[in-house]
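Working notes for the structure below.
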Amino acid sequence: ADCPLSPSQSLLFLGLVAAVCLGLNLLFLTVYLICLCCCKRDQEPETKRPHSCCVTWMAVTAGLICCVAVGIGFYGNSETNDGVYQLLYALDHANHTLTGIDSLVAGTTLQMRVGLEQHLARLNELLAARGDYLQTLKFMQQLAGSIVLQLSGLPVWRGTSTDLTALAGHIAYIEYYRWLAYLLFFILVLTVCLLACLGLAKHSRCLLTTMLCCGLLTLILSWASMAVDTAAAVGTSDFCVAPDKFIMNQTESDISTEVVHYYLYCDQSLSNPFQQALTVFQRSLTTMQIQIQGLIQFALPLFPTAEKDLLGVQQLLNSSETSLHQLTAMLDCRGLHK
C-alpha cells in the first residue's frame, strides 16, 4: 500500500530538491568558467575582441533581466505584505469582538447577580408590609435568574481570544523579518548588477571578481529563498486551498460546528445559534422594566424611602438593555464579515 509523506518529510524533500538544484547550478557555472578560461588560452588575439564584446552584451542583458526580476519581486513582496496585514487586521477585529462579548456577558451577569440582588434585598425589607409588592420583587428575582442562566449558556471566548492574539503576534513577527530579508536580498541583487556594469565599463578585474563572489552568494540565497517559500506554501496549503474546512477542523474540539459554520458562511438562511438566548434575555428584561415601572408608579408614593433602590434597579435594567443591544450586534455574523 502507498504510504503518503508526512508534512515534515514533505518539507525535507522540498529542501533536498532545492539543494540538488543549487548544486547542479553551481556545477554548471564551474564547468562553464573552466571551459571559458581554457578556450581563452587557445584563442587567437584577433578573435578575442568580438568574443569579449559578446560577453559584455550578454552580461548587460542578464543585468537588465535581473533588474526587471527585482522590480517584479518588489511588487510581489509588497502585495504579500499587504495581504498579511489584511489578515492581521481581520484577526485583530475578531479578537476585539470576542473580547467585547466576554466583557459584556461578564458585566451583565455581575449586575444581575450582585447589583440587582442587593437592591431587591433592600426593597424586600422596605416593602415588607405589602405582600403583592413582595410577589413582584420575587418575580423579578426569578427573571434575573433566567437572564443569568441564558448568559451562562453563551460560549466563553477567552481561550480563543488568547490564541488569536498569540497567532497575530507570531504572524506579525515573521512577516516583519520576511519583508526585511527580501528587501536586503533585492538590494544585494541590484548591487551585484551595478558592480557588474562598473566592472565591464572600467575593465576592472577587482570589480568583476567582487561581482562574481556576490553573484555566487546571490545564487545561493535565491535557491534558499525558493526552498523557504516552497516550504511555506506547502505548510499553509491546507489553509490557503480550503480555509473554511481548515478552521472547522482546528476548532472542532473547542467550538460547536453549528457556531463555526454560522460565522464562516454568514448565510441569511442560517439562524443565529444564540438567538433563542437573546430572545429570552430581551423578554425577561422587558418584563422586569414593566414591573419596576409599576412599582415606581404605585409603591413609591407609599414608601418614599424605597426611591433610591427603585431608581437604582431601573438604572441597572436600562444599562443591561444597552448591553443587550451591543451583545446582539457582536453576536451577529455580519459584524465579523465587514
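For the single chain, residues carry numbers from 1 onward in sequence order.
The aromatic rings of Phe186 and Phe74 are tilted relative to each other, their planes meeting at an angle between 30° and 60°. Using cut-offs of 30° and 60° for the angle between ring planes, the Phe185 and Tyr182 rings count as perpendicular. Taking the six-membered ring where tryptophan is involved, the planes of Trp157 and Phe274 are perpendicular, since the angle between them exceeds 60° and thus also 30°.
Neither side chain, Gln289 nor Gln314, offers a donor N or O lying under 3.5 Å from an acceptor on the other. For the residue pair Arg178 / Asn77, a side-chain donor-acceptor distance below 3.5 Å is found, with atom types taken as modelled. Side-chain atoms of Thr286 and Gln282 include a donor-acceptor pair closer than 3.5 Å.
With hydrogens and angles ignored, the 3.5 Å screen pairs a side-chain donor or acceptor of Thr136 with a backbone N or O of Asp132. With hydrogens and angles ignored, the 3.5 Å screen pairs a side-chain donor or acceptor of Ser152 with a backbone N or O of Leu149. Formation of a donor-acceptor pair under 3.5 Å by the Ser284 side chain with backbone atoms of Val280 is found in this model.
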Given Asp332 and Thr328, is the side-chain contact (heavy atoms from CB on, under 4.5 Å) satisfied, shown in steps? CA-CA 6 Å; Asp332 194 323; Thr328 302; over 6 Å; no

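Hydrophobic clustering keeps Leu126 apart from Ile292 (ILVMFWY residues linked when any side-chain heavy atoms are closer than 4.5 Å, directly or through intermediates).
Environment of NE2 in His170: sparse, with no more than 12 heavy atoms of neighbouring residues, nucleotides or ligands closer than 6.0 Å.
The distance from the CG atom of Leu104 to the CG atom of Leu154 is 10.5 Å, given to the nearest 0.5 Å.
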